[in-house]
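Reviewing the structure listed below.
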Amino acid sequence: MKQLKNKKLKTLLGLLFACSASSAWAVDSARVVLSVGDTDLGLGVHSPDMKVDGDGRIHVVWMQETQFTDSVPTTYTNFNVMYKLLDYQANVLMDTTQISDSVADGNNHQGHPSIAVDANNNAYVSWFSSDTEDGFLVGVDPSKAPLDGTASTLATIQKFAPVGVADCKRSDLAIGSNGNVHMACSTGSSEVQMAVYGPDGSEVTAPYVVSNSTIYDSYGISRVHLALDSNNRGTIVYMQDYDDSIAYSLVDGVAGTTLTAHTVLTATNGYHPSVSMSGDMVYFTYMNADYDEVAGPELIVGSFTPSNDDMSGDAASLATIGYSDSAAVSGIAPLGWYMSSQLGADDEFMVTYNTGGGNGIAPRFFAKIDKTGVITTAETALDTDVDNSGYETYANYVAIAQQDTNLLAYTTDEDPASVILARADGTSFITAVDPNPPAPPAPEPEPEAPASSDDNGIFGLSLWALLGVTGLVGLLRARRRK
């Protein structure tokens, strides 16, 4: 018994020590700076994206402006794609690691990255070159790095080398149930394009044009948005150019077919759609640009079920797919550019946006709304600790984690320009709860303590006493019968 008690005590002390060590390293803040640009050179950071894997680790990518000198020598600045890995308490597992490789031509900006993670916690990152308008896709296996907080190299962590995707800009990635990587993007001709790759980077479906309807082509607002249903069919939502309405197409990416052709959803001018799946229903938010000059732009929630269409390759009927949208959300400031949203497990949207016009040179705000467009968490400034001065420039959507919509990644043009990881609810990362906690191990059965000699003696004595009493009672009954 003493050995068993000592074993339990050692286990308890071990758990307490582990918790203490974890708390000592966890970040005691709701706002963490991941990277900064070089203020002296005026170098910026833009376009973050983020996903959380099955171990609760946070994968973040962004564009970072760098400076180099070629052999002439001539000094250039351009953007490269950076990657960083943290645990759910914002401890750095892999420091900033360059994923893309710009060539020294002064125009080859690598940008607008997208990231997805699979069931094995591998990351897939896509981006495009502004020089060639070709896209790239690379697989990242973080387990190849020591994960001790140091930076790595792409050669070390790549699952497969970057794959070139011709004529593919501002892509969005999604992982299918079989591990395939689905990639939707826009082309140089402003068409919607789709391609599918295996987990090893092999080409499953070559890039093909989904819709030849001209989509809006201007920085980040022309990014297409992809969501997969339970049958790996992809709903692609985008903003079309000629009347600025929101439209969608439904594809079977693996088969390389368009199931539902270009279908206009909104009757009004719409900007900045964001897409979330709930079962087979698609929910999206967008900015209604047909607004009153005094009231300003409006935030709208729309929903539809793509699988209700007959999927015969033509456009869908809005009545058939059950399209509906909400009234304008009231209680938020006039919207500017770069609104984004994510539907959480609580069936509420986290919505982020800039106030003001133009390219959104205004403080960044967030609010939470339900599926009917009613505010559940009031509008709040993200950067209250810097006097609401978190100004944004072009293409700066906020990345929102699906597992925990309070987790945000965004960039600022503060001095210096920064990539920020933040908890919108203001709670410290030190108290963050793993969004994907591991299943507890099955409890081991407690070993039975061996019976002591004293216990055997008492048991034997009790048995003989019972037999003796029984015999005595029988004898007395026999005498009475006589």
Side-chain angles (χ1 to χ4, degrees), residues 47-62 83-90 113-126 140 142 171-177 179-184 223-230 232-237 272-286 301-303 306 338-353 366-371 376-377 382 397-410 420-425 427 429 432-438:
S47 302
D49 198 12
M50 168 184 62
K51 290 294 185 296
V52 178
D53 69 21
D55 287 340
R57 301 179 306 180
I58 306 165
H59 303 247
V60 190
V61 290
W62 66 91
Y83 168 84
K84 193 164 188 169
L85 180 68
L86 308 95
D87 69 13
Y88 65 92
Q89 290 183 313
S114 178
I115 188 168
V117 295
D118 65 15
N120 297 315
N121 300 334
N122 297 308
Y124 302 87
V125 182
S126 64
V140 173
S171 56
D172 197 13
L173 300 178
I175 307 297
S177 58
N180 285 333
V181 184
H182 296 241
M183 184 176 183
R223 181 174 177 175
V224 300
H225 301 269
L226 172 65
L228 297 182
D229 66 15
S230 56
N232 294 321
R233 295 178 298 229
T235 298
I236 309 172
V237 177
H272 311 293
S274 290
V275 180
S276 298
M277 290 289 296
S278 180
D280 286 333
M281 182 170 284
V282 171
Y283 288 89
F284 70 101
T285 59
Y286 68 96
V301 180
S303 64
Y338 306 115
M339 183 183 72
S340 56
S341 72
Q342 175 65 56
L343 184 66
D346 56 2
D347 271 353
E348 294 183 353
F349 290 96
M350 170 65 75
V351 184
T352 64
Y353 48 91
F366 73 88
K368 295 192 76 173
I369 61 174
D370 65 19
K371 291 177 178 177
T376 58
T377 299
L382 266 180
Y397 291 103
V398 171
I400 307 170
Q402 183 176 5
Q403 294 86 344
D404 178 5
T405 54
N406 280 305
L407 183 61
L408 310 176
Y410 62 100
I420 306 293
L421 186 69
R423 296 198 58 80
D425 58 7
T427 59
F429 278 100
V433 177
D434 188 346
N436 295 304

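Not measured: the values here are computed from a predicted model.
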_For Lys51 against Ala116, the heavy-atom pair lying closest together_ = CG-CA, 4.0 Å

*Under a 4.5 Å cut-off applied to non-hydrogen side-chain atoms, are Ser114 and Val125 in contact?*
no

_Plane angle bin for His59 and Tyr83 - parallel if under 30°, tilted between 30 and 60°, otherwise perpendicular_ = tilted

*Short question: side chain of His182, backbone of Leu173 - any donor-acceptor pair under 3.5 Å?*
no

*Atom of Ala184, atom of Ile236 and distance for their closest heavy-atom approach*: CB-CD1, 4.0 Å

*Taking the side chain as every heavy atom from C-beta outward, state whether Phe429 and Leu421 have any atom pair closer than 4.5 Å.*
yes

*Step by step, would you call Thr352 with Ser340 a side-chain hydrogen bond (donor to acceptor under 3.5 Å, both in side chains)?*
CA-CA 5 Å; Thr352 64; Ser340 56; 2.8 Å; yes

*Does Thr376 have any side chain to side chain donor-acceptor pair (under 3.5 Å) partners at least two apart in sequence or in another chain, and if so, which?*
Glu348

_Tyr283 vs Lys371 side-chain heavy atoms within contact, under 4.5 Å_ = yes

*asked:* Which heavy atom of Leu228 sits nearest to which heavy atom of Met277, and what is that distance?
replied: O-CG, 3.8 Å

*Does the side chain of Tyr397 reach to within under 4.5 Å of the side chain of Met339, using non-hydrogen atoms?*
no

*Mind listing the closest non-hydrogen atom pair of Ala432 and Gln89 along with its distance?*
O-NE2, 4.0 Å

_Partners passing salt bridge (charged side-chain N to carboxylate O under 4.0 Å, His left out) against Asp370 (at least two apart in sequence or in another chain)_ = none

*Which residues satisfy the salt bridge (charged side-chain N to carboxylate O under 4.0 Å, His left out) test with Asp280, sequence neighbours excluded?*
none

*What closest approach, in Å, do Pro113 and Arg223 show between heavy atoms, and which atom pair accounts for it?*
O-NH1, 3.9 Å

_Whether the Ser177 and Asn232 side chains hold a donor-acceptor pair (N or O, under 3.5 Å, no angle test) is what I'd like checked._
yes

*asked:* How long is the straight-line distance from CD1 of Ile369 back to OG of Ser341, given to the nearest 0.5 Å?
replied: 7.0 Å

*asked:* Side chains of Leu407 and Met50, heavy atoms from C-beta outward: is any pair under 4.5 Å?
replied: yes

*For residues Thr235 and His225, determine if any side-chain heavy atom of one lies less than 4.5 Å from a side-chain heavy atom of the other.*
no

*Where do Val224 and Ser171 land on the side-chain contact (heavy atoms from CB on, under 4.5 Å) test, with the steps shown first?*
CA-CA 7 Å; Val224 300; Ser171 56; over 6 Å; no

*How far apart are the closest heavy atoms of Tyr88 and Ile58, and which atoms are they?*
CA-CD1, 4.1 Å

*Applying side-chain contact (heavy atoms from CB on, under 4.5 Å), run through Asp118 and Tyr124 and close with a yes or a no.*
CA-CA 8 Å; Asp118 65 15; Tyr124 302 87; 2.9 Å; yes

*Who passes side chain to side chain contact (heavy atoms under 4.5 Å, CB included) against Ala422, sequence neighbours left out?*
Tyr410, Ile420

*Any donor-acceptor pair under 3.5 Å linking the side chain of Asp49 with the backbone of Ile115?*
yes

_Gap between atom OG1 of Thr405 and atom CE of Met350 - 0.5 Å precision_ = 5.0 Å

_Counting C-beta onward and ignoring hydrogens, is there a side-chain heavy-atom pair between Pro306 and Val282 closer than 4.5 Å?_
yes

*Partner residues of Asp87 under the salt bridge (charged side-chain N to carboxylate O under 4.0 Å, His left out) criterion, sequence neighbours left out*: none

*Identify, with sequence neighbours excluded, every residue that meets side chain to side chain donor-acceptor pair (under 3.5 Å) alongside Asp55.*
Asn121

*Side-chain contact, heavy-atom cut-off 4.5 Å: Gln342 with Phe349?*
no

_CD1-CG distance between Ile175 and Asn180, expressed to the nearest 0.5 angstrom_ = 8.5 Å

